[in-house]
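As structure tokens, the structure follows; a few thoughts come after it.
If you're wondering where the values come from, they're calculated on a predicted model, not measured in any experiment. Any value given below was found using the heavy atoms of this structure, including those in side chains, with hydrogens, waters and symmetry copies removed.
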Amino acid sequence: MSLITELCNQAAPKLDALAVEMLCTELDDWFVVNDGLEKTFRFRSFYETMAFTNAVAFIAHQHNHHPDIQLSFSRCKLTWNTHSANGLTRNDFICAACVDALPKAS
């Protein structure tokens, strides 16, 4: 089953290192950094950056799972982490996959 077709489970357990490694292969250029799943997106304008950030907010709201966001004029850095599990859960990968499925700016 594709990650983007799954819904987050609020009781998702923390993943072990092997599961994290396997799920990383299903994503585009995300990195595990300090128990978080991280990726930086670059855009041509502030408008594109904000449009992307709002789309991420919509995904987060749908899944009731919210990333840490660092935002600047042409850059948005996302970090997914499940604080209640003290690490990564399948929820983080589901949401990252949904972000990867967003249309790319042309």
Side chains of Leu71 and Met50: does their closest heavy-atom pair fall under 4.5 Å? yes
Donor-acceptor pair, side chain of Asp28 and main chain of Asp100, under 3.5 angstrom: no
Asp29 and Lys39, any side-chain heavy atoms less than 4.5 Å apart: yes
Trp30: which of Asp92, Thr79, Leu37, Leu23 passes side-chain contact (heavy atoms from CB on, under 4.5 Å): Leu37
Roughly how far apart are Thr82 OG1 and Gln10 CD, rounded to 0.5 Å? 9.0 Å
Spacing of CD belonging to Glu48 relative to CZ belonging to Phe73, to within rounding of 0.5 Å: 9.5 Å
Indicate the atoms forming the closest heavy-atom contact of Ala12 with Ala85, along with that distance. O-CB, 4.3 Å
Might you work through the side-chain contact (heavy atoms from CB on, under 4.5 Å) test for Arg90 and Leu3, ending with a clear yes or no? CA-CA 9 Å; Arg90 192 167 184 88; Leu3 287 169; 3.6 Å; yes
For the atom pair CG (Asp16) and CD (Glu21), what is the distance rounded to the nearest 0.5 Å? 10.0 Å
hydrophobic_cluster_shared for Val33 and Val56, side chain cutoff 4.5 Å: no
Kindly assign one of parallel, tilted or perpendicular to the pair His65 and Trp80, based on the angle between their ring planes and the thresholds 30° and 60°. parallel
Gap between atom OG of Ser84 and atom NZ of Lys14 - 0.5 Å precision: 11.5 Å
Can you check whether Asn9's main-chain N or O pairs, donor with acceptor, with Asn91's side chain at less than 3.5 Å? yes
Output for pair (Gln62 CD, Ile94 CD1), nearest 0.5 Å, gives 12.5 Å
Can any side-chain N or O of Asn81 pair as donor or acceptor with the backbone N or O of Asp35 at less than 3.5 Å? yes
Spell out, yes or no, whether Ile69 and Val99 are grouped together once hydrophobic residues are joined by side-chain heavy atoms under 4.5 Å, including indirect joins. yes
Common cluster, Leu15/Met22, ILVMFWY with side-chain heavy-atom separation under 4.5 Å: no
Is the number of heavy atoms from other residues, nucleotides or ligands under 6.0 Å of Asn54 CG greater than 12? yes
For Pro67 versus Leu78, what's the shortest heavy-atom pair and its separation? CG-CD2, 4.4 Å
Tell me whether Leu7 is reachable from Leu88 by hopping between hydrophobic residues (I, L, V, M, F, W, Y) whose side-chain heavy atoms are closer than 4.5 Å. no
Which heavy atom in Lys77 sits nearest to a heavy atom in Thr40, and how many Å separate them? CG-OG1, 3.6 Å
Which residues pass the side chain to side chain donor-acceptor pair (under 3.5 Å) test with His63, not counting sequence neighbours? none
Same cluster (ILVMFWY, side-chain, under 4.5 Å), Phe31 and Leu27: no
Closest approach of Cys76 to Thr53 (non-hydrogen atoms, all atoms of both residues): SG-OG1, 3.6 Å
Check Ile4 against Cys98 and note the closest heavy-atom contact, atom names and distance. CG2-N, 3.7 Å
In short, Thr49 meets Ser74 closest at the heavy-atom pair OG1-CA, 3.3 Å
